[in-house]
Amino acid sequence: MDAGFLRSLTIDAVRQGLLRKEFRAVELAEAMLRFAQAEDARTRAYLHFCPERAFSAARRVDEKIARGEDPGPLAGVPVAVKDVILTKGVRTTCASRLLANYIPPYDATAVVRLEEAGGVILGKTNCDEFAMGSSTENSAFGPTRNPVDPERVPGGSSGGSAAAVAQGTAVVALGSDTGGSIRQPASFCGISGVTPTYGRVSRYGLVAFASSLDHIGPFGKTVRDNAILLRVIAGRDERDSTSAFAPVPDYPALLDGDVRGVKIGLPREYFKGLASETGDLILRAVDLLRKLGCEVFDISLPTTDYAIACYYIICTAEASSNLARYDGVRYTTRNFEADTLVEMYRRTRGEGFGAECKRRIILGTYVLSAGYYDAYYLKAQKVRALIARDFAEAFQKVDAIITPVSPFPAFKLGEKIDDPLEMYLSDIYTITGSLAGIPCMSVPCGRTASGLPVGMQILARHFDEAGMLRLADAFERAGGTAGA
Amino acid sequence: MKITEQEVRYVAELAHLALTEEELARMRAELEEILVYMDKLNELDTTGVAPMAQVLYEAEETATLREDIERETFDNATALANAPSAGGGYFKVPKVIEK
């Protein structure tokens, strides 16, 4: 199994290879782990590998095939998991010094489901600390580099998962998305990634950042791979009371390539002031969709300009509460020099958190503090209702909305890290869908003249992942993603 | 919106977060810049708008309740396994009560 072969693998290709006895799941896991370790010298997509767990999952698949049983929809598929998603017995650090040695006593529901489906977890991927950032530079263990251009960031916060899939060292991956942390790295690395409807995938075992915005979602080289993985992990889980009861359609079976008559909206607020190369590629993609039979409409989402302020108030407020649990008592590192309990909390947290987490804790605590709650947090929750209403009104007229994912392609390491507000502003196109709780995804739509991938974002109605994936898949079949 | 170092210090105390003098100064400047940007929200009239406290919930109120059935949970050793300091089956912390 050479690098070219491993890089080309999709879920269907793995399945065929196994069923035709061209290779065994254990052999694939071995080859992929070796390949991943070699590639990681350049990109550092993974933080650590879990070969024992991978081999035991792969052996179970081989045994099922030998017995003639159905090995499951993800049989033998090498998967990378973002290191904010708990894996029992396998270190889960959230890319934070505080959790450098944390070994979870239980698995996230998404992890349980993907292993039950035959998936083989190879290791845990790098990210911004506690998923806070847009470049994976906020990892306490060093940045990940974009496999397309190692001078550049892979995006974030799920940069390691996106890089692993883009360089072919995992066939698919799990990421988490709070304000764009799946879609933006997918676009920077030239692959597809899905942020499902809020509640579609259980968050049990996802380390909480901003609970009203957190999602788990898939990455894949193809739309079909995303559809297969999403179907496996989606659905009600009694361990997450926010998980949705809505039945889960057979997403891959619904990818029929027929998008005739689908109404697409282009929100004018997203296209003004857009770097021309990105804008041109999106408009070219829309032309292709028109050729496939879609109808295109000009629409307006008037509250778009307020989304960043709204998002960064809500997400930091929730983050400051969620991060309060890292107190040096139960599962983090600790400062042992402090004599009092409060001093121990203060110093443990001061030493343990990186700059971005501290900034968000301070900002979040400030906007929740006495005298400011109404002016910031309550106001932001009202604005959030208006943003959601904009989308609800738009979806009375159109079936899907198309926008860019990011105002610009992958930037260089260090380029934006010293200007937090500038970094926040780059999330403009992804946070609106997160605030509304609707499904959104990034699908590649070409490259800039200098060879950097650009992603197109598709947003759809609540629980209409099927329609969204069908549109993305039709675009992919028509060659829209080629060259990305 | 002017933010003073005193305010940042106060918020850091609320959050039990030790900051160095250098961090405090940088945080003050960044917080001020970000909060000025946040003031943008005041341009929007939200009179009569209900805050969006819940994102999405499509089932009846009691749907998330399950039967109260006893089941296995972590044993004491598992719960303490990641503790930076433990003893006698408990988490250990610096002394809280003086004699």
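Sequence lines set the chain letters: A, B, ... in the order given, protein chains first and strands last, and positions in each chain run from 1.
- Considering every non-hydrogen atom in both B:Met38 and A:Ala309, the closest pair reads SD-O, 3.4 Å.
- No side-chain heavy atom of A:Tyr331 sits less than 4.5 Å from a side-chain heavy atom of B:Pro84.
- Ionic pairing of A:Glu238 and B:Arg71 is present here: one or more N-O contacts between side-chain nitrogen and carboxylate oxygen are shorter than 4.0 angstrom.
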- prompt: For B:Thr46 and A:Lys379, what are the C-alpha separation, side-chain angles and deciding distance, and is it a side chain to side chain contact (heavy atoms under 4.5 Å, CB included)?
  reply: CA-CA 8 Å; B:Thr46 50; A:Lys379 180 78 183 179; 3.0 Å; yes

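- With a 4.5 Å cut-off on non-hydrogen atoms, A:Tyr372 touches chain B through its side chain but not through its backbone.
- Using a 4.5 Å cut-off between heavy atoms, B:Glu33 touches chain A through backbone and side chain atoms alike.
- Within 6.0 Å of the NZ atom in A:Lys416, the count of heavy atoms belonging to other residues, nucleotides or ligands exceeds 12.
- Both the backbone and the side chain of B:Leu44 come within contact range of chain A, each with at least one heavy atom under 4.5 Å from a heavy atom of that chain.
- Summarising the local packing, CZ of A:Arg389 is surrounded by 12 or fewer heavy atoms from other residues, nucleotides or ligands at distances under 6.0 Å.
- The greatest number of non-hydrogen atom pairs below 4.5 Å with chain A, out of B:Leu41, B:Val8, B:Val49, B:Leu65, is found for B:Leu41.
- Residues satisfying the ring pair (Phe, Tyr, Trp, His ring centres under 6.0 Å) test with A:Tyr198, not counting sequence neighbours, are A:His215.
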Which donor-acceptor pairs under 3.5 Å do side chains of residues 22-29 of chain B form with protein atoms, sequence neighbours excluded?
unit_1: B:Glu23; atom_1: OE1; unit_2: B:Thr20; atom_2: N; d: 2.9
unit_1: B:Glu23; atom_1: OE2; unit_2: A:Lys358; atom_2: NZ; d: 2.6
unit_1: B:Arg28; atom_1: NH1; unit_2: B:Ile3; atom_2: O; d: 2.8
unit_1: B:Arg28; atom_1: NH1; unit_2: B:Glu32; atom_2: OE1; d: 2.9

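- Interface remark: B:Asn42 contributes backbone and side-chain atoms alike to the contact with chain A (heavy atom separation under 4.5 Å).
- Interface remark: A:Pro420 contributes side-chain atoms only to the contact with chain B (heavy atom separation under 4.5 Å).
- Within the 4.5 angstrom heavy-atom criterion, only side-chain atoms of B:Val96, from C-beta onward, approach chain A.
- With rounding to the nearest 0.5 angstrom, the OG1 atom of B:Thr78 is 12.5 Å from the CD1 atom of A:Ile103.
- Between chain B and the options A:Ile313, A:Leu435, A:Ile387, the largest number of non-hydrogen pairs under 4.5 Å is found for A:Ile313.
- Between the side chain of A:Arg349 and the backbone N or O of B:Ala18 there is no donor-acceptor pair closer than 3.5 Å.
- Enclosure of atom CZ in B:Phe74 by more than 12 non-hydrogen atoms of other residues, nucleotides or ligands within 6.0 angstrom is indicated.
- Of the atoms belonging to A:Thr340, it is backbone heavy atoms, and not side-chain ones, that fall under 4.5 Å from chain B.
- Looking at A:Ala244, both its backbone and its side chain come within 4.5 Å of chain B, counting heavy atoms on both sides.
- From B:Glu30, atom CD reaches atom CG of A:Leu363 across 10.5 Å, with rounding to the nearest 0.5 Å.
- Both the backbone and the side chain of A:Asp305 come within contact range of chain B, each with at least one heavy atom under 4.5 Å from a heavy atom of that chain.
- Contact of A:Tyr312 with chain B is made through backbone and side chain together, with heavy-atom distances under 4.5 Å.
- Of the inter-residue distances, the one linking A:Ser369 atom OG with B:Glu7 atom CD reads 8.5 Å to the nearest 0.5 angstrom.
- Contact between B:Pro94 and A:Ala338 at its shortest, heavy atoms only, is CG-O, 4.2 Å.
- For the set B:Ala86, B:Ala12, B:Ser85, the count of heavy-atom pairs under 4.5 angstrom toward chain A peaks at B:Ser85.
- Checked by atom type and distance alone, the side chain of A:Lys382 never pairs as donor or acceptor with a backbone atom of B:Gly48 at under 3.5 Å.
- Between B:Lys92 and A:Arg334, the shortest heavy-atom contact is O-NH2, 2.6 Å.
- We find the CD1-OH distance between A:Ile308 and B:Tyr37 to be 4.5 Å, quoted to the nearest 0.5 Å.
- More than 12 heavy atoms of other residues, nucleotides or ligands shown are found within 6.0 angstrom of OH on A:Tyr373.
- Between A:Asp327 and B:His16, the closest side-chain pair of non-hydrogen atoms is not below 4.5 Å.
- The minimum heavy-atom distance between B:Val11 and A:Ile362, with the atom names listed, is CG1-O, 3.4 Å.
- The OH atom of A:Tyr306 sits 5.5 Å away from the NZ atom of B:Lys40 when rounded to the nearest 0.5 Å.
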message: Quick one, A:Arg384 with B:Val55, criterion side chain to side chain contact (heavy atoms under 4.5 Å, CB included). Give me CA distance, side-chain angles, the key distance, then yes/no.
response: CA-CA 10 Å; A:Arg384 184 174 184 181; B:Val55 186; 3.5 Å; yes

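- Top candidate by heavy-atom pairs under 4.5 Å with chain B, chosen from A:Tyr345, A:Phe353, A:Phe463, A:Tyr366, is A:Tyr366.
- Separating the OG1 atom in A:Thr332 from the CG atom in B:Asn82 is a distance of 9.5 Å, to the nearest 0.5 Å.
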